[in-house]
Each structure stands twice: as C-alpha cells, then as structure tokens.
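Contents: one structure, followed by commentary.
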There are 4 protein chains.
Amino acid sequence: METGRVFHETPPRLGRPPRAATGHALLKATREILALKGVHGLTVEGVAARSGVAKTTIYRRWRSKEDLALAALLEMTQQEPPPTGQQGSTRTALIAYLGPLIENLNSKVYGRVVRGLISDLAVDRELARGFRERVLARRVTDLQGLLQRGIERRQLRADLDTELVIDLLLGPIYYRLLMSGEPLTPAFINRLVRAVMAYAR
Amino acid sequence: METGRVFHETPPRLGRPPRAATGHALLKATREILALKGVHGLTVEGVAARSGVAKTTIYRRWRSKEDLALAALLEMTQQEPPPTGQQGSTRTALIAYLGPLIENLNSKVYGRVVRGLISDLAVDRELARGFRERVLARRVTDLQGLLQRGIERRQLRADLDTELVIDLLLGPIYYRLLMSGEPLTPAFINRLVRAVMAYAR
Amino acid sequence: METGRVFHETPPRLGRPPRAATGHALLKATREILALKGVHGLTVEGVAARSGVAKTTIYRRWRSKEDLALAALLEMTQQEPPPTGQQGSTRTALIAYLGPLIENLNSKVYGRVVRGLISDLAVDRELARGFRERVLARRVTDLQGLLQRGIERRQLRADLDTELVIDLLLGPIYYRLLMSGEPLTPAFINRLVRAVMAYAR
Amino acid sequence: METGRVFHETPPRLGRPPRAATGHALLKATREILALKGVHGLTVEGVAARSGVAKTTIYRRWRSKEDLALAALLEMTQQEPPPTGQQGSTRTALIAYLGPLIENLNSKVYGRVVRGLISDLAVDRELARGFRERVLARRVTDLQGLLQRGIERRQLRADLDTELVIDLLLGPIYYRLLMSGEPLTPAFINRLVRAVMAYAR
DNA sequence: AACTAACCGAGACGGTACGTCCGGTCTTATT
DNA sequence: AATAAGACCGGACGTACCGTCTCGGTTAGTT
C-alpha cells in the first residue's frame, strides 16, 4: 500500500528505520499550509521550513509536492466512516452518502486540495493513478454497493447502467465545485438524487 | 468586452495605439506552446521567445499566463458555430450539440487548456469570472435554448428543472475529462442523453 | 553654449517652438529627485513622472540621465559668486575660496551629484568633456587667478608650479569626499592651505 | 576577515561546504568582464554566464555586483608586494612606493574598477567599509610606516602632520585618475613627492 | 561492543521562471 | 515642429522554488 511513497514493499530491514514521527510532522505541516494558502502556496521548501524536516527527507518520501498533497488528502479521507448500514430507501441512502461528501468538499482544505490536484492529474500519470485508485475508487465502490443493494431490493431497475448513474451523481457535484462555482448545498443534493432516481427506478 | 485584457472599453485615443498584430502573434505562440507542452509548459518567457514579443508587452496586455491561456481558449471557442437550426427531436439536438463539444475537449490543445485552468479558477477571481462568463456561460445559454424549445414543443415536461438538467449533462462530461479519465466517446454521449431524457420527458 | 543640449544654434523657426518652462520644470524635478534619492535614484522615467514632461521630450534635450544630472549641477554652480575681490593675503584668499566649495560639496544634492557622476566620466566622453570644461575648469581658472596674483604680489615664488599647486589643493578635498570619507571641515581647509603655502612660498 | 563575503569567520561545519573552485571561477570571470567592458558592463547575469556558475550562487556569496567587483579588486591588490625594505631617502622610498601604485591605476582593469566603485561608496555603506578597510587602509598604513621611519631618521620634521601628508600624496593622484583626467606619469609622481617633501622636511 | 547501513538536517549548487524596472525608440493625436 | 501619451523591444534585476548533491551526525539492527 502506501502509494505515493517511494518505499519498498518489503523493506530490506537494514540500517536505521525511517521515523514515523517525521512523516506525521510533514503531513501536518502540509495540511496547515494547504489550509492557509491552498495548493498554489504549497512548496516543498515551505513544508520543510514549517515542519523542521529537511528538504532532502521530503524528497526521500514523496516524488513531488503533488504527491505530498495527495498523501495529506488521503490521511483526511481515510478518517471518513464508510456508508451507513442502510436500512431506509436507496434515495435516503444516496443522500446520506453524498451529504458528508459535499461537506468535505465545502471545507477549506479538502476542497482546495482536490481543486489543486485536478490539473496535475493530466500531466502526472503516477499522481493520477494514486488519485483514482485511492480517492475516487472508494467513492465509486461505495456507490456501486449502494446501487447494487437497491437493485437487489427491487428499488432500482435490474438492467440499470450503474456506471452511468455514478457519473450522473458525482459529475454534477464536481462540476459545481470545479467549474460553475454554484454552491454545493443539501438542497442541491436532494434535487440531484431525485432526478437520478427518476431515471434509475 | 474583451475580458482578460487590460484595455479600456472606449480607448482614450492617446499615445501610440496597440498593434493588433502583436496580440495575434502572442495568441498564436500561446496556442502552439499549449499544444506542444500543455499549460504546465506555458511560460510567459516562452511565449515571449516564440512570438518575438517582449515580455513586458505581454504583461501589459494580460495579468498572468492563465489569463493568456484563457484568451487563447476564447479565440478557439469563438470560431465554433452556434447550435444547429434544430429540426429533429430534442434528443437529437442535444447529441448534435454535445458531440462537437467532446470533440473539442478530446483535442490536444483545448482539453489541456481547460484542465490546466481549472485549479486556478479557485485562486484567481478574475480568471474565474472570465472563464465562467465567456466559456461556460455560452454552453449554458445554448443548452438552455435547446431545452426551452423542447418544452415549447411538448417534448419535455413543462415544469422541468432546466438548471439541473444542464448540470446533469455537463457534469459527467467534465467529470470524465478532469477526474475519472474515462474516455469521452459518442457512445457515452448517447447513454448520457438517453438517461437525462428519461428524467426530462 | 549650453553644452549637453542637443539644440541647434539657429533654430529652424518652424512649427511649435520649444517651451522654456519645460526645461526648468525638468531641471527642478531632477534636482529634487537628486536630493531625495541621489544619482542612483535618478531615472529618466522618474523625472518625466515628477515633472509631467514626456520621456521623449527629455531625450530630445539631453542624451542621458547623466547629462541631465550635469545640467542640474551646472544650474547650481552658476549661481555661485566668483572669488572675492581679494584684499588680504593669498592664504586668506585661498581659504575664502575653498570654504564655500566644501560647503557645497557637503550639501546633499551637490555632493551626491558629483559623486554620482565620477564613475561615468570614464565611460562617457561627452559627459567628461562637459564636466571638465564646465565644472572643473572654473575652479582651475579661479585658483589659477588667485595664485597668479599671489606671484605678482611676491607672496608666492615666481617659479611656482601652479598646476601642481592646484592638484595639491583640490586633490585632497575630492579624495576625502569620494574615497576616504573623512569630513571636509574648515579646520581641514586651514591645515591644507597652510601646508600648500609652506611649499609655495 | 574576508569582508564582502557572506560567510562566517568560523564555519559551523554544517551542510555541504562551499566549493572553493566556484569562488575562483566567479572572480576570474569577473576580472575578465571588468577588463573587457568595465564596471558598467559588469552584470551578475554576465558573470554567471561566463563562469558557468548559477546566478543564485553568486547572490549566495556576494550581496551585489559591486561587492563582487570589490572582491575581484582585492584579489589583485593582495598580490602586490609590500613597500620595499627602504634603504635610501624617504623621498626615494615614496617614489618607489607610488610608482607601482600609478602603474596599477593606469592598468585597464584596476583603474576601471576603482573608478566604477567610487560612486557606489556613497550609497552602499557595506561596500564603503570594505573598500576603505581593505583597499585604502593598506595604502595608508604603508605610507604611515614610510613617513614614521622618515621621522625617526630625522629626514622629516618631528611634528609632521602625517595624516595630511597622506592626503597630499594620494589626493592628487586620485584627483587626476577620477576627475581631471590628466595622465599619471612617473614625472608627475616626481613633482608631487618633491613638493610634499618641501613641506614635510 | 563494534560495525554498518540507512536516516536525517543543513546547506551548496545548477537551473528555470518569475514579475519589475528602466533604458531607448517608435508612433499617434494634439497643440 | 514640439509635445504628451503610451506601445514596444530589450537587458538586467533580485527572488522563489525546484530537484540534486555533498557533508556531518545520528540511530537502529546485526555480527
């Protein structure tokens, strides 16, 4: 695991092992700078200065500042709880899932980082892989699960194009975040889910 | 108009007027570099070198290289024809409209520029304003028109939430372009439009 | 006359005549900037801004900012009175002459300008010519006159090497101003003149 | 010592030590450019290009191009031998000392640098300190020594104002170099020393 | 306990680009 | 024709970061 890190999967068990504290200090500093100045204000030099960790050490652990930002993003995402046990309707479940997501995106750090990373995805293959496998994929599988359960319970069509449904749910959210700038409110999520359900049922 | 430019709407006719040729040369060089190396490879210095125009002159006309990229993007967008006269169904009209759009986005320069600008929208208010007013707004009004005509012709519900429909159409497209990386094919547009129509009818 | 100016001796009497006020405004602004920020802070652009005169106009009148500074210097020097009628001894006359000189050099503007021009003398032949003919030469002829009268009155040796004496008088003064930084006081002038008289008598 | 340099007297032995070769390459390039184009033609960018050393590295070592020029000057001055053992008269000793000095000043590089630095002395305190302590002070102590020995040997008056004598010797030399432009010849040194001795004896 | 490989901080270094200042030249409309 | 205004080219400035490269000094885990 630990994508983004340069470390070997099977550490050669020799010499002084890397200090865990160093990594934490770095990610903490990264998050703080990210919150204060956004991805544009994130510089390796700045992180080094703020964390007290040497620049060289940073490069020993991450290939670029984008990688570093991604790592910081992951630390935050991983604290999110998985989608709730699901007792109500599929519609309620979707709303319950997307609600916290937009809360995150509306938060300073999280939204900023996502926005900041986007343009680099096109340039940096490694980064794109990490972002998709470790941030997006989670959303997709979560939603896939929700939809699947909906199908099983006959709340959704059996022949539903779930891939497209996911695009229809996440697409507008990120479109607002990244491009139109329209606010991401619970009311919007309601309208969105209702519309998608009209198609999926 | 001419957002992004520093010039006055009604030039005070004083001093030597700006050479139009200079602007053209700059946008040409910008487009070329953009195509070759993407937004990340776009530097004011590079544009100056390639165009033979002095760096100072560039800064006199655009506030930043992002502004410059936006201007180059606009020059390309403005050559696009408006949505066709519309004789068939709303579905056909939508497909006919979104087809060229993804062709554009799939093209090297255009897609790259859009991707490259996204993250800066959050940082640079002026840039965001320009992008929304001059790039996005066009899509939105075009689509609004299409949908309105559909309503008038009773092909779409009278109480349709057109704003949401537009989010549902553009959202997934840009989501694929910017985030998931899934390809933007005519087939995808077909699926997308069919799904949205299921809701809108 | 008016060395340093580009004007034609016999103006071609056609079109709008040059405003005399323009020149004054320029020299005034020059002096002010010189006083505030020294020769290093003197820029053609700055003078244009402060005086409200166009940059082009400045270049029409002076070849460079050094020339401009020299012109400002001259305006100040020319207001100096010639050496006094001389009734006392040569020694007193010398002290009476050098006193005002160091007062000038100690003043903000004057000293700064002289210092600032020095290094350019080596580079700019025209400037050097102007400076020597129009600033230095005056000192030299004044002193030459004083010494000559001293010889006539038998206060100085008949075979006196007056050229050297002038070097011995002015040299140490400018050496202190430009290089050693030691203060130019009346007391110093006293010591200096006494020493030179010891040789010249 | 090593004024002008940013380095610490007692290096704290931390991090990669500065390469001596870098400094040499820089001063060499500086001297060459100085010889070719004078202080006016000396640019940090030019030195970087010629020496192959990065611009940033130059600024890491010297605060300005004037500092750099001073350093180059020092390298040259320090190779000068101290005043000769002195067996003859004080007059001969003075001539023997001032002769090489004017040879230096007459040489392309040396003279140019001195002239070029002069005006900056008034602006840049650090530079002035360096120049006085490390270039001028040497001349002064050398001459002071010569004069002192002259006094001890009864060749000069016991109550001699040696400070003034030094002004009288160096003043005219630099006055010619910087201002009047009159040539610095051995014959001139002869006349100068003879005159000063007339006062000092 | 000594060895030794890796970690880590510090800082030199070569680079690229930035955005700005200023120098000069030119072009236009106005006086 | 002189002037004001301002576009334009060009050179250099000093700075910010980048990513790499030595250094010296820890700090584990073998041997």
Side-chain angles (χ1 to χ4, degrees), chain A residues 11-19 21-22 41-49 51-61 63-65, chain B residues 7 11-19 21-23 41-49 51-61 63-65, chain C residues 7 11-19 22 42-49 51-61 63-65, chain D residues 7 11-23 41-49 51-61 63-65:
Chain A
R13 273 328 85 206
L14 243 183
R16 172 174 168 183
R19 290 222 159 281
T22 307
L42 181 71
T43 67
V44 174
E45 220 133 63
V47 174
S51 64
V53 170
K55 224 170 36 153
T56 350
T57 303
I58 300 178
Y59 281 108
R60 237 173 256 129
R61 298 189 172 218
R63 290 170 25 259
S64 63
K65 63 175 179 177
Chain B
F7 293 138
R13 285 302 106 212
L14 251 181
R16 172 173 166 181
R19 290 229 158 280
T22 307
L42 181 71
T43 67
V44 174
E45 217 135 65
V47 174
S51 65
V53 170
K55 220 168 36 152
T56 25
T57 301
I58 300 179
Y59 282 108
R60 220 172 277 122
R61 296 188 171 219
R63 293 170 20 259
S64 61
K65 62 175 179 179
Chain C
F7 289 141
R13 278 314 103 198
L14 243 179
R16 175 170 166 182
R19 293 215 160 281
T22 307
L42 181 70
T43 67
V44 175
E45 221 132 65
V47 174
S51 64
V53 170
K55 224 166 41 150
T56 350
T57 304
I58 299 179
Y59 281 110
R60 224 172 271 125
R61 299 192 172 214
R63 291 169 24 259
S64 62
K65 63 174 179 178
Chain D
F7 293 138
R13 292 289 121 212
L14 250 182
R16 173 171 164 182
R19 292 227 158 281
T22 307
L42 181 71
T43 67
V44 174
E45 217 135 65
V47 174
S51 64
V53 170
K55 216 167 44 150
T56 28
T57 301
I58 300 179
Y59 282 109
R60 226 171 268 126
R61 296 190 171 219
R63 291 168 24 258
S64 61
K65 63 175 178 179

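A, B, ... follow the sequence lines: proteins, then strands. Residue 1 opens every chain. Keep in mind the model is a prediction, meaning the values are calculated, not measured.
Of the two residues near DNA chain E, B/G15 and D/P17, the one whose nearest nucleotide lies more 5' is D/P17.
Looking at B/R61 and B/P18, their side chains come closer than 4.5 Å, going by heavy atoms from C-beta outward.
Between the side chain of D/R16 and the base of F/dC23, no donor-acceptor pair of N or O atoms lies under 3.5 Å. Counting atom types as modelled, A/R19 pairs no side-chain N or O with a base atom of E/dC7 as donor and acceptor under 3.5 Å.
Residues D/G46 and D/T43 come closest through the heavy atom pair N-OG1, 2.8 Å. Nearest heavy atoms, A/I58 versus A/V44: CD1-O, 3.8 Å. Of all heavy-atom pairs between C/A48 and C/A54, the closest is CB-C, 4.4 Å.
Within the structure, a side-chain polar atom (N or O) of D/R61 is placed less than 4.0 Å from OP1 or OP2 of E/dC13.
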* Structure fact -> Protein-proximity profile, nucleotides 9-14 of chain F, B/S/- by nucleotide at the 4.0 Å heavy-atom cutoff, equals BB-BBB
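Evaluation of the side chain to side chain donor-acceptor pair (under 3.5 Å) rule for D/K65 yields no partner, not counting sequence neighbours. In this view, B/S64 and B/E66 satisfy the side chain to side chain donor-acceptor pair (under 3.5 Å) rule, not counting sequence neighbours.
Atom pair B/I58:CD1 and E/dT20:C1' shows a separation of 14 Å (rounding to whole Å applied).
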